[in-house]
Amino acid sequence: MPVALTVRALAGSLPSVSTSMLVVPVFESDTAADHQEIDAATGGELLRALEAREFRAKPYEAFGVSPAGWATRRVLLAGAGARADWTTERIRRVATAGALAARARGAADVAFVLVSGGAQIGVAEAQAAAEGLVLAAHDGDALKTTPREAAALHRATVVVPDASLTWSAAVERGRVLGEASNLARELANEPGNQLPPRILADRAAAAVAGTGLTLEVIDEHGLERLGMGLLLGVGRGSAEPPRLIVIRHTPRAAGESRAATGPVLGLIGKGITFDTGGISIKPSEGMERMKTDMSGGAAVIAAMRAIAQLDAPMPVVGLVPAAENMPGGRAIRPGDVLKAASGKTVEVNNTDAEGRLVLADAFWHAQQLGATHLVDVATLTGACVVALGKLASGLFATPTWWGEIVRETATRAGDRVWPLPLHDDYLELLKSDIADIVNTGGRAAGAITAAMFLREFAGGRPWAHLDIAGTAWADEAKPWQPKGTTGVAVRTLAELAFTSARWPAAAA
Ligand code: BES
Ligand code: MN
Ligand code: ZN
């Protein structure tokens, strides 16, 4: 477990804020006059640095100064770019970059000054700042036994414009969502040998403890009883048996009637704890990355924790079909036909297209549990990485309004998504000669045919699919995001559970 992080909102004048590093955003167009207090207390240092172009306030640039007589001696001027670009996304990233830079300089206690770019700032901005600070607390090297150089973040503060109470609630919400993102990053980072399906279920138990969520873990015998031939089939090549992890949130003050008749959000995350490809085995180059093939499942577990902590006003079920895709002696072979829990028969022409198989059975169970609206998150296809690179997740949805809600929510949450089409004609590519459907449709439109396969199992309910194959792992470090697992989609899933008032009622 990471060191406990305290996060708070604090109103006060800058010289009086006491912390080990005070992060102050500076815009490109700012002059020393915009930061008179700092400039005066540093003997004109800011003016000098700006004039010498030593500090240009480009996004994520950092410049340290030492104001005389302030409660905090170390101030980090954080490049914030153009005032017009001071969005929640930019705020989140500048807060992370500032806190990471502070940690690298040995500061364990960081305060970030929530400034305005010109427009009115409010709770969304305060929440984003808190999220950003908490995201900077994540470390991807938990298994190293040598001490790390950067300080561990113990306390993060958002310095807010006034003493209103609403800031505190917003900062607390940001803390919960930031911590959830970090939990998903930690889970996804765990090596395959340490996180088989059984242990992922234990991690889910730890994540729900004390939150009011209920957890059910269905083992291989239970899966047999439920007829989950797809999930069992994928798990068969491994010595580690599959699991279906089921987490439920019931709103604390559930108006009984609404809980019984209103919409139920179903979140489903791909939980392949390691993907060798199975008998259709992957090349060894880069295969180690396939320990992150449960990133979607990690996102669902972490989002469920946040949903309970924030007491989302609607019931939510979270499902993680977990299996290890291995080429053992009992593994499924290309050409095998499996029977889904829904009754459909699937010809497996490629055992490396395992994600859609395990998700399909989980979709069925989500519907059995009453889910009316489905969202799945999965590191599903290399084809999606080819289409969108590593900068956006693929979004597939039906009907269109449901996709729009997911897209708007993702944008707000700081998860970049981009829509890809689901024309019925693509279904042609999934025709089987001997079964109801095949599991892969060839190289062309690989991300789309994978989504089309999933759609066949969504029971006609509003359904959205996020393909996070490219976004779950960052190949290179950025100032606002270290190399490694990203926690993508966690905040989107959690925030979605707060949007039901805007869903068209009849569609449920
Ligand atoms: N887990 C992979 C997809 C993946 C690729 C995730 C790269 C992250 C980075 C998935 O199970 C898979 O193997 N998909 C195949 C599908 C193909 C056989 C139709 C792929 O993308 O090659
Ligand atoms: Mn695969
Ligand atoms: Zn996979």
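Just so it is clear, the values below take in all heavy atoms, side chains as well, and ignore hydrogens, waters and symmetry mates. Numbering of ligands and ligand atoms starts at 1, following listing order. Counting begins at 1 with the first residue of the sequence.
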Enclosure of [X] [atom1] (heavy-atom neighbours >12, cutoff 6.0 Å):
X      : atom1 : value
Glu285 : CD    : no
Arg330 : CZ    : no
Arg443 : CZ    : no

Could you tell me which N, O or S atom of [X] is nearest to the Zn ion (ligand 3)?
X      : value
Asp293 : OD2
Asp275 : OD2
Glu354 : OE2

Side chains of Asn325 and Thr276: any donor to acceptor distance under 3.5 Å?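 There is no such pair (donor and acceptor under 3.5 Å, judged by atom type) between the side chains of Thr276 and Asn325.
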Within the structure, does [X] bring an N/O atom to less than 3.5 angstrom of an N/O atom in ligand 1?
X      : result
Glu354 : yes
Thr379 : yes
Gly382 : yes
Asn350 : no
Asp293 : yes

Starting from [atom], which protein heavy atom do you reach first, and at what distance in Å?
atom                    : answer
atom 2 (C) of ligand 1  : Asp275 OD2, 3.6 Å
atom 19 (C) of ligand 1 : Thr440 CG2, 3.6 Å
atom 15 (C) of ligand 1 : Asp352 O, 4.0 Å
atom 16 (C) of ligand 1 : Arg356 NH2, 3.8 Å

For Phe112 and Ala95, which heavy atoms make the closest approach, and how far apart are they?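 Nearest pair, atom of Phe112 first, then Ala95: CE1-CA, 3.7 Å.
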Ile272 N/O/S atom closer than 2.8 Å to the Zn ion (ligand 3):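 Here the distance criterion (N, O or S atom, under 2.8 Å) is not met by Ile272, so no.
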Main-chain N/O of Asp275 paired with Asp293 side-chain donor or acceptor, under 3.5 Å: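 Not a single qualifying donor-acceptor pair exists.
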So, does Ser280 use its side chain to make a donor-acceptor pair with the main chain of Gly277 at under 3.5 Å?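 Here the side-chain-to-backbone pair does not exist.
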Please assess Thr485 against Asn189 for the test side chain to side chain donor-acceptor pair (under 3.5 Å), listing each intermediate value before the final yes or no. CA-CA 6 Å; Thr485 52; Asn189 204 30; 4.6 Å; no
Hey, which atoms in ligand 1 end up nearer than 4.0 Å to a heavy atom of Lys282?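 Going through ligand 1 atom by atom, the ones under 4.0 Å from Lys282 are 2 (C), 12 (C), 13 (O).
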Are any of the heavy atoms in Lys270 under 4.0 Å away from ligand 1?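 Yes, Lys270 has heavy atoms under 4.0 Å from ligand 1.
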With a 4.0 Å cut-off on heavy atoms, is Met290 in contact with ligand 1?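 Yes; Met290 lies near enough to ligand 1 that a heavy-atom distance drops under 4.0 Å.
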Walk me through it: do Ser393 and Thr471 pass the test side chain to side chain donor-acceptor pair (under 3.5 Å)? CA-CA 6 Å; Ser393 306; Thr471 49; 2.8 Å; yes
For residues Thr372 and Met314, determine if any side-chain heavy atom of one lies less than 4.5 Å from a side-chain heavy atom of the other.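 Heavy-atom side-chain distance check fails, nothing below 4.5 Å.
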Decide yes or no on side chain to side chain contact (heavy atoms under 4.5 Å, CB included) for Glu179 and Leu5, but give the supporting numbers first. CA-CA 9 Å; Glu179 299 267 21; Leu5 171 67; 4.2 Å; yes
OG1 of Thr492 to CD of Glu408: how many Å apart, nearest 0.5 Å?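 Going from the OG1 atom of Thr492 to the CD atom of Glu408 covers 10.0 Å.
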To the nearest 0.5 Å, how far apart are NE2 in His138 and CD in Gln481?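 Atom-to-atom, His138:NE2 and Gln481:CD are 9.0 Å apart.
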When you check the space around the Mn ion (ligand 2), which protein N, O or S atoms turn up under 2.8 Å?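 Metal shell, protein only: Asp275 OD2, Asp352 O, Asp352 OD1, Glu354 OE1.
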Yes or no on side chain to side chain contact (heavy atoms under 4.5 Å, CB included) for Glu89 and Arg412, after CA distance, side-chain angles and deciding distance? CA-CA 8 Å; Glu89 184 177 17; Arg412 198 153 39 79; over 6 Å; no
At under 4.0 Å between heavy atoms, which part of Leu380 makes contact with ligand 1: side chain, backbone, both or neither?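 Near ligand 1, Leu380 shows its backbone, while the atoms from C-beta on stay back.
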Under 4.0 angstrom from atom 21 (O) of ligand 1, is there any protein heavy atom?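 Yes, there is a protein heavy atom closer to it than 4.0 Å.
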I'd like to know whether the aromatic ring centres of Trp401 and Trp503 sit less than 6.0 Å apart in this structure.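 Centroid distance Trp401-Trp503: not below 6.0 Å, so no.
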